[in-house]
**Student:** 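Take this structure, written in structure tokens, and hold onto it; I'll ask about it next.
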Amino acid sequence: MTFGEGKIWYDGKLVEWNDATTHIMSHVVHYGSSVFESMRCYDTKKGSAIFRLEDHVARFCDSARIYRMALPFTQQQLCNAVIETVRVNNLNRCYIRPLAFRGCGNMGVNPINNPLHVAIAVWDWGRYLGNEALEKGVAVKVSSWNKFGPNTIPSLAKAGGNYLNSQLAKMEAVEDGFDEAIVLDVFGYVSEGSAENIFMIRNDVIFTPPTSSSILAGMTRHSVFLIARDLGIRIEQHLLPREALYIADEIFLSGTAAEITPVTSVDKIPVGDGKPGPISLKIQELFFRIVHGEVEDKHGWLTHI
Ligand code: PMP
């Protein structure tokens, strides 16, 4: 099933894809008032399994809480709804998009008097950064756009409006011939990619920016912490100056869509020898073995459906 087909869970009911609509005067269309999640369901030897379902749904609820959205469903109901949506669409593997948004009722910035809608859509989404990205790596540029600062737009909420900043960075990067953008925070420290967290490796230690660098606290990022620990590789959170990227031995990106993608150049400067590095590939390999159920799920990350 591709994008544009199948059923969407919409306010507690399954409806046809084309019927999952909202009015153009909905608050979200004008003021970006939505929160959402991204998850993947993978094909495993024991059937399909959703990666970190409960953690993603918990983050969804956190995002809603930050924006004072009273979700009319419990976390458990939302987990069940995700499973139901994947099942009914009969997909072995898919990308899953839960969304909560302010609907149509009252115009004006104050969103509170608009109805809140919740939807879950699924579709088969391949390699986010292109077919060869996982094996060959990607070229990134440091964006001329900074990430939004602390106490402006909350980066720990995964909200629709956040992605205006990401869109500016991504369009510029693609226009300039790069695969992805890296944004610096308002203090000039490395923050993240337009839709990924970033890691760099130097002298066998993995470094990544802390949550205080205006990042989304990625679920894949958290998984990388535990995978690195399982592999006995040191991993630390540090403020990273831009130039640290130019002298890194290896760099990789993490995200639900991008999974674990090596970075082979930053601003046209090769990372290390310009090929995906051994530590990045080790992390990537174990990540894929876990999500495909090829090794023991020791952290309890898979929900079989
Ligand atoms: N940062 C941003 C801005 C993102 O959009 C994403 C993708 N959700 C990530 C980081 C990675 O988060 P996760 O691993 O939870 O997908």
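As the structure is a computational prediction, the values presented were derived from the model and not from experiment.
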**Student:** I'd like to know if the side chain of Ser280 reaches the main chain of Pro276, judged simply by a donor and an acceptor atom lying under 3.5 Å from each other, with no hydrogens or angles considered.
**Tutor:** no

**Student:** Side-chain donor-acceptor pair under 3.5 Å between Gln237 and Arg221, yes or no?
**Tutor:** yes

**Student:** Testing the 3.5 Å rule here: is there a donor-acceptor pair between the side chains of Glu196 and Thr261?
**Tutor:** no

**Student:** Ignoring hydrogens and geometry, is there a side-chain-to-backbone donor-acceptor pair from Ser26 to Val29 under 3.5 Å?
**Tutor:** no

**Student:** Begin with the C-alpha distance, continue with both residues' side-chain angles, and end with the deciding distance and a verdict on ring-ring contact (aromatic ring centres under 6.0 Å, His included) for Phe51 and Phe287.
**Tutor:** CA-CA 11 Å; Phe51 185 63; Phe287 173 81; 5.6 Å; yes

**Student:** Quick test of your reading of the model: are Glu172 and Lys141 salt-bridged, counting only N-O distances below 4.0 Å?
**Tutor:** yes

**Student:** Indicate yes or no: at least one non-hydrogen side-chain atom of Ile206 is less than 4.5 angstrom from one of Ile233.
**Tutor:** yes

**Student:** Go through the steps to decide whether Leu78 and Cys61 satisfy the test side-chain contact (heavy atoms from CB on, under 4.5 Å), and finish with yes or no.
**Tutor:** CA-CA 10 Å; Leu78 290 168; Cys61 294; 4.0 Å; yes

**Student:** Tell me if the aromatic rings of Tyr95 and Phe3 count as close, with their centers under 6.0 Å from one another.
**Tutor:** no

**Student:** Given the rule in the salt bridge (charged side-chain N to carboxylate O under 4.0 Å, His left out) test, do Lys45 and Glu294 qualify, once you have shown the distances and angles that lead to the verdict?
**Tutor:** CA-CA 8 Å; Lys45 284 183 196 129; Glu294 290 164 12; 5.2 Å; no

**Student:** Test your reading of the model: is there a side-chain donor-acceptor pair from Asn106 to the backbone of Asn114, 3.5 Å cut-off?
**Tutor:** no

**Student:** Quick check on the hydrophobic clustering: are Tyr31 and Met69 connected, directly or via other members, by side-chain heavy-atom contacts under 4.5 Å?
**Tutor:** no

**Student:** State whether the side chain of Glu180 and the backbone N or O of Ala173 hold a donor-acceptor pair below 3.5 Å, judged by distance alone.
**Tutor:** no

**Student:** Apply side-chain contact (heavy atoms from CB on, under 4.5 Å) to residues Glu5 and Trp17 and explain how you reach the verdict.
**Tutor:** CA-CA 6 Å; Glu5 292 174 359; Trp17 184 286; 5.6 Å; no

**Student:** Is atom CZ of Phe178 surrounded by more than 12 heavy atoms (other residues, nucleotides or ligands) closer than 6.0 Å?
**Tutor:** yes

**Student:** Quick one: list whatever passes side-chain hydrogen bond (donor to acceptor under 3.5 Å, both in side chains) with Asp267, sequence neighbours left out.
**Tutor:** Arg242, Tyr246

**Student:** Count I, L, V, M, F, W, Y as connected when their side-chain heavy atoms are under 4.5 Å apart, and connections chain through other members. Are Leu53 and Val291 then in the same cluster?
**Tutor:** no

**Student:** Do Thr208 and Phe225 make a side-chain contact, defined as non-hydrogen atoms from C-beta onward lying under 4.5 Å apart?
**Tutor:** yes

**Student:** Can you establish whether the number of heavy atoms outside Asn131 located under 6.0 Å from its atom CG is more than 12?
**Tutor:** no

**Student:** Roughly how far apart are Trp145 CH2 and Ser194 OG, rounded to 0.5 Å?
**Tutor:** 14.5 Å

**Student:** Before giving the answer on side-chain contact (heavy atoms from CB on, under 4.5 Å), spell out for Ile8 and Leu14 the whole-Å C-alpha distance, their side-chain angles and the decisive distance to 0.1 Å.
**Tutor:** CA-CA 6 Å; Ile8 289 179; Leu14 287 162; over 6 Å; no

**Student:** Do Val142 and Val138 land in one hydrophobic cluster if side-chain heavy atoms of ILVMFWY residues count as linked below 4.5 Å?
**Tutor:** yes

**Student:** Donor-acceptor pair, distance only, cut-off 3.5 Å: does the side chain of Arg93 make one with the backbone of Ser48?
**Tutor:** no

**Student:** For the residue pair Pro98 and Met39, what are the closest heavy atoms and their distance?
**Tutor:** CG-CE, 3.5 Å

**Student:** Are Pro278 and Glu250 close enough that some pair of their side-chain heavy atoms sits under 4.5 Å apart?
**Tutor:** yes

**Student:** Any side-chain heavy-atom pair from Asp185 and Asn146 closer than 4.5 angstrom?
**Tutor:** no

**Student:** Salt-bridge test for Arg59 and Glu37: reply yes if a basic N is under 4.0 Å from a carboxylate O, no otherwise.
**Tutor:** yes

**Student:** Quick check for you: to the nearest 0.5 Å, what is the distance between Ile290 atom CD1 and Asp230 atom CG?
**Tutor:** 6.5 Å

**Student:** Going by the angle between their ring planes, with limits at 30° and 60°, are His292 and Phe288 parallel, tilted or perpendicular?
**Tutor:** parallel

**Student:** Salt bridge between Asp62 and Lys158, side-chain N to carboxylate O under 4.0 Å?
**Tutor:** no

**Student:** Rounded at 0.5 Å granularity, tell me how far OH in Tyr42 sits from NE2 in His304.
**Tutor:** 14.0 Å

**Student:** In the structure I gave you, are the side-chain heavy atoms of Pro209 and Leu239 within less than 4.5 Å of one another anywhere?
**Tutor:** no

**Student:** So how far is it from Leu240 CG to Phe199 CZ, rounded to the nearest 0.5 Å?
**Tutor:** 10.5 Å

**Student:** Taking all non-hydrogen atoms of both residues into account, name the closest pair between Ile251 and Val271 and its distance.
**Tutor:** N-CG1, 3.7 Å

**Student:** I'd like to know if the side chain of Asn197 and the backbone of Ala217 have a donor-acceptor N/O pair within less than 3.5 Å.
**Tutor:** no

**Student:** For the hydrophobic clusters of this structure (ILVMFWY residues joined by side-chain heavy atoms under 4.5 Å, transitively), does one cluster hold both Leu164 and Leu184?
**Tutor:** no

**Student:** Before accepting this row, confirm whether a basic side-chain N of the pair Glu259/Arg40 lies closer than 4.0 Å to the acidic partner's carboxylate O.
**Tutor:** yes

**Student:** What do you reckon, are the aromatic ring centroids of Trp9 and Phe73 less than 6.0 Å apart?
**Tutor:** yes

**Student:** Atom CD1 of Ile269 and atom CD of Glu243: how far apart are they, to the nearest 0.5 Å?
**Tutor:** 10.5 Å

**Student:** Donor-acceptor check, side chain of Ser155 to backbone of Ile215, threshold 3.5 angstrom: yes or no?
**Tutor:** yes

**Student:** What's the spacing between Arg202 CZ and Leu245 CG if we round to 0.5 Å?
**Tutor:** 12.0 Å

**Student:** Measure the shortest side-chain to side-chain distance between Thr211 and Leu156 over non-hydrogen atoms and say whether it is less than 4.5 angstrom.
**Tutor:** yes

**Student:** For Ile66 and Ala157, work out which heavy atoms get closest and say how close.
**Tutor:** CD1-CB, 3.9 Å

**Student:** Between Ser191 and Ser213, which heavy-atom pair has the shortest distance, and what is it?
**Tutor:** OG-O, 2.7 Å

**Student:** Just by distance, do the side chain of Gln77 and the backbone of Thr74 share a donor-acceptor pair under 3.5 Å?
**Tutor:** yes

**Student:** Mark yes when over 12 heavy atoms from residues, nucleotides or ligands other than Asp204 sit less than 6.0 Å from its CG; otherwise mark no.
**Tutor:** no

**Student:** Do the non-hydrogen side-chain atoms of Ser265 and Val140 ever get within less than 4.5 Å of each other?
**Tutor:** no

**Student:** Taking atom types as modelled, is there a side-chain donor on Glu84 or Asn80 under 3.5 Å from an acceptor on the other?
**Tutor:** no

**Student:** Show, in sequence, the C-alpha distance, side-chain angles and deciding distance for Leu99 and Phe60, and conclude whether the side-chain contact (heavy atoms from CB on, under 4.5 Å) test is met.
**Tutor:** CA-CA 8 Å; Leu99 169 77; Phe60 184 61; 5.5 Å; no

**Student:** Establish, yes or no, whether a centroid distance under 6.0 Å links the rings of Phe36 and Tyr163.
**Tutor:** yes

**Student:** Compare every heavy atom of Thr85 with every heavy atom of Asn89, then report the nearest pair and how far apart it is.
**Tutor:** ND2-O, 2.8 Å

**Student:** Does either side chain, that of His222 or that of Arg52, offer a donor lying less than 3.5 Å from an acceptor on the other one?
**Tutor:** yes

**Student:** Does any part of the side chain of Ile305, heavy atoms only, come nearer than 4.5 Å to the side chain of Ile50, both counted from C-beta?
**Tutor:** yes

**Student:** Asp179 side chain to Leu129 main-chain N or O, any donor-acceptor pair under 3.5 Å?
**Tutor:** no

**Student:** Over all heavy atoms of both residues, which pair between Pro262 and Gln284 is shortest? Give the atoms and the distance, please.
**Tutor:** CD-NE2, 3.9 Å

**Student:** Quick check on the hydrophobic clustering: are Val28 and Tyr10 connected, directly or via other members, by side-chain heavy-atom contacts under 4.5 Å?
**Tutor:** yes

**Student:** So does Phe101 get a backbone contact from the side chain of Ser34, meaning a donor-acceptor N/O pair under 3.5 Å?
**Tutor:** no

